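The figures that follow rest on heavy atoms only: side chains count, while hydrogens, waters and symmetry mates do not. Residue numbering restarts at 1 for every chain, and letters A, B, ... go by the order of the sequence lines. Computed from a predicted model, the values in this text were never measured in an experiment.
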There are 2 protein chains.
Amino acid sequence: MSPQRRTGLGTNQEAIRRHNLGTLLRHVHGAGQMSRAELTSLMGLNRSTIAGLVGELESLGISERATPPEGARQGAGRPSAGVRIAEDGPYVIAVDLGVDRAVVARVGLGGRVLQRAQAPVHSHGEAWQVGASVAALIRTVVEDAPITAALVGIGISVPGLVRRSDGLIRLAPNLEWHDVSFGGIVLAALGLDVPVSLANDADLGALAEHTRGAAVDTDELIYVSGNVGVGAGVITGGHRLEGAGGYAGEIGHLRFNPNGRPCHCGNRGCWETEVGAHAIAEAINCPPDKVAQLDEILDGFDKPSPALRATGTALGQGLASIVNLFNPQMVVLGGYFRSLYTLVGAEVNAGLADHALPAPLESVTLALPGLGSDSPLLGAAEIALEPLFVDPVAALGAALVDVRGRLAG
Amino acid sequence: MSPQRRTGLGTNQEAIRRHNLGTLLRHVHGAGQMSRAELTSLMGLNRSTIAGLVGELESLGISERATPPEGARQGAGRPSAGVRIAEDGPYVIAVDLGVDRAVVARVGLGGRVLQRAQAPVHSHGEAWQVGASVAALIRTVVEDAPITAALVGIGISVPGLVRRSDGLIRLAPNLEWHDVSFGGIVLAALGLDVPVSLANDADLGALAEHTRGAAVDTDELIYVSGNVGVGAGVITGGHRLEGAGGYAGEIGHLRFNPNGRPCHCGNRGCWETEVGAHAIAEAINCPPDKVAQLDEILDGFDKPSPALRATGTALGQGLASIVNLFNPQMVVLGGYFRSLYTLVGAEVNAGLADHALPAPLESVTLALPGLGSDSPLLGAAEIALEPLFVDPVAALGAALVDVRGRLAG
DNA sequence: AGAATTTGTTGTGCGAGTCACGGGAGCGAC
DNA sequence: GTCGCTCCCGTGACTCGCACAACAAATTCT
């Protein structure tokens, strides 16, 4: 969260520098590489100011000077030097906790996945067991990190409700977890003390798609995630919509059909009972223990069955409610909705067009994730990197160097 | 909209001053009067900086020095001088366009209603006719304004969909308007050229309740407005949720009962068909032409009928979907929902508790508007005042002095 | 090859907030 | 009543960040 959203505080010169340095880094992070001239026009600051900021970033070891990038201006004039994320710069650990597997990656600024590992996770496993597996994956992934590179933090994507204030997992239905302090568990298993951020997988999917996926330059977007549960991550005004407790986006339990099937939440006919993984599995006669691989199974289809087409219509109709409520510019369909939309896109579009109001409908686009199924993972990297954009100097000061040594000791 | 939300730009010193001056004014505006010491601790700036800012505000004629306010610190020590909104300071015109009447007020900083007038409006009247009535009311209300006081702008609350980019009224079902540039119509009728801002009534209700109503210090709130249509204004992270086009918050057409009554939007069983004014009027045998006064009629009841109780349950159940989606800290029930909640609050609460998820439910409070039925009007004043908080000097420079003279000439 | 264009570099200046000091205004104790 | 305490105001020197201007450097165009 950028400090600018804290309303009411004044700004002093120290804050300017922090903000400008962080904003510059955010730009370089977003584009991977840019020229100083681009930065000058993007940020609206003087050339010499940009030069000073870039110099500070270089002296921090975050960025390095590069030859002018490819897509640079054509024409006369001295070419502008490039600013590029440093090879041995700071990095974060991203964890995508799925229902049946955990993916862990070491991710550098610019969103580059430097190392990656994954392992199956016992469904309904105890939290400490899962924590131990994740810790082991983290050890693997940190193996080849340069000894000088600093670990800024760990970001974890969770399929469930995460409390914003402290990252407690309030409820992860498909892991059968309840009030689990998973961040603490992982840190304890590692024996490290670094900042850990947890958030809902759909929220992080939205964040990643906004930063470097299908929704770059789109400040109003919703990432609808079909995992075993159905959830949404909302970005509005370029910021995550979190809600008071951090639970915003629970679209799975929208009232859809009051005479429908009972839902595990206690109501009847929640949207999830129509478009959730179990409903779809039933529609395609998929055995219940394969529900976690629903996306792959759907990818195997080449022609949709009538039942699947009905599901597509229900998906579109539910999306209509969401479009009416949030008036997004883009809706990204993640998880198995990606596969489903590929199959029955026409039905989804029709359901949406029939049930949404004309005004919000005209400005919305349905899209597939630009990052494939990595969106939540890269979103986890983004929240872990966030402190660097708020205050690069402070975040780097708090970061951990020689992680391998510390893990060994 | 505070400039801080524009991400990506750098900050220079000029922007600091603008921001600090605007933020200081926003604080004084919110509290009406405060001491410099309070401002110092609120804004986290140095005493002398605050003194400089306050001095600038005074020299602009916006604020004036006052004796220490009542609620000041008790005990030893020199009392801190007060900062108070100036009597003859800048003001705005706020317009609340209802289905059957228009209310116009002259509102000063601090939210003080200085003058007020209203007139019935012909339902289904032509836009230019309504514009002429509103212009006449504005002339009345400007009558006694000090000749030195500056008019900063006009804010208009509209019962319909307003396009964010240019304030065009895309659709106001109950006025039967369609793509009406009402701001231009009013300005033409006045023969003035001042900034005009238009927004949806529920959005403005939320804004006003957030600034000086029931939801002060609540950064996640939803104002649910029952007028002839049902809409919502959402504030999240302290900012209005507008959506891509400005149409966010259309909760009236949430899918509620797919086998229900047909809705004018083309679907069946939208929430509005269950809790909208026409549904309630039917439930209490109120003649259709009195629908606009539904709140007063409901206030006349002392015992709710079973039909009304069922409506209360439906209201609560629909609110549950909203609470699940937005995870607000407070839901304010405006319009006739205020009267309805007073009658059948128990049913509303029960419907909400039954259908909302536990996590979002535990942090939400239902509340009545702290500003009564004036919320949209005062919200209209707030958007018109907004430029003053972004850049007081510029906004005052663009403001109009001697309005009466200009209107006469 | 020279002009035109665009950018990097350097030094100067302005402006905004901070800091430190002296003075002022109430409160409370003796 | 006076003194001390506490908190605040007001003023001037100080620091730091950005803007500006002039010059140097690196290309492209003619």
Side-chain angles (χ1 to χ4, degrees), chain A residues 3 9-25 33-59 63-84 391-393, chain B residues 3 9-25 33-59 63-84 391-393:
Chain A
L9 274 83
T11 306
N12 55 20
Q13 285 180 295
E14 202 189 323
I16 292 199
R17 188 68 173 183
R18 264 205 308 271
H19 172 249
N20 284 347
L21 199 59
T23 304
L24 192 144
L25 180 55
Q33 172 167 5
M34 26 190 358
S35 73
R36 294 154 80 133
E38 287 174 287
L39 286 167
T40 302
S41 74
L42 270 174
M43 294 184 59
L45 298 178
N46 193 280
R47 272 211 307 274
S48 46
T49 306
I50 296 292
L53 293 167
V54 168
E56 187 164 350
L57 232 44
E58 276 167 16
S59 74
S63 74
E64 56 193 20
R65 200 180 177 118
T67 53
E70 279 302 302
R73 168 190 54 81
Q74 298 292 340
R78 173 175 175 171
S80 186
V83 183
R84 179 178 53 191
D391 186 348
V393 178
Chain B
L9 275 84
T11 306
N12 56 20
Q13 286 179 294
E14 202 188 322
I16 292 197
R17 188 67 173 184
R18 265 204 308 271
H19 172 248
N20 285 347
L21 198 59
T23 305
L24 192 144
L25 180 54
Q33 171 165 6
M34 29 191 354
S35 73
R36 294 152 83 133
E38 286 175 286
L39 286 167
T40 302
S41 75
L42 270 174
M43 293 184 59
L45 297 178
N46 194 284
R47 271 210 308 275
S48 29
T49 307
I50 297 293
L53 293 168
V54 168
E56 188 164 350
L57 232 45
E58 277 167 16
S59 74
S63 75
E64 56 194 19
R65 201 182 176 114
T67 53
E70 279 303 302
R73 168 190 55 80
Q74 298 293 341
R78 173 176 174 173
S80 184
V83 182
R84 178 178 53 191
D391 187 346
V393 178

Name the closest nucleotide to the Leu45(B) side chain, picking from dT5(C), dT6(C), dT18(C). dT18(C)

Is any N or O donor-acceptor pair between the side chain of Ser48(B) and the base of dC9(D) shorter than 3.5 Å? no

Interatomic distance, Gln13(B) CD vs dC20(D) C1' [rounded to whole Å]: 13 Å

Nearest to the Asn12(B) side chain among dT7(C), dC18(D), dA16(C), which nucleotide is it? dC18(D)

Assign Ala37(A) to base, sugar-phosphate, or nothing according to its heavy-atom contacts below 4.0 angstrom with the strands shown. sugar-phosphate

Nearest whole angstrom, please: distance from the C1' of dA19(D) to the CZ of Arg47(A). 12 Å

Indicate, with a heavy-atom threshold strictly under 4.0 Å, whether Asn46(A) touches base, sugar-phosphate, or nothing. base

Between Asp391(B) and Arg18(B), is there a donor-acceptor pair closer than 3.5 Å when you use the side chain of the first and the backbone of the second? no

DNA chain D: 5'-proximal contact among Arg17(A) and Gly77(A) (nearest heavy atom): Arg17(A)

Using atom types as modelled and distance alone, determine if a side-chain donor or acceptor of Ser35(B) lies under 3.5 Å from a backbone N or O of Ser80(B). no

Side chain of Arg78(A) only, please: which of dA26(D), dG17(D), dG17(C) is the nearest? dA26(D)

What's the CD1-C1' distance between Ile16(B) and dG15(C), to the nearest Å? 10 Å

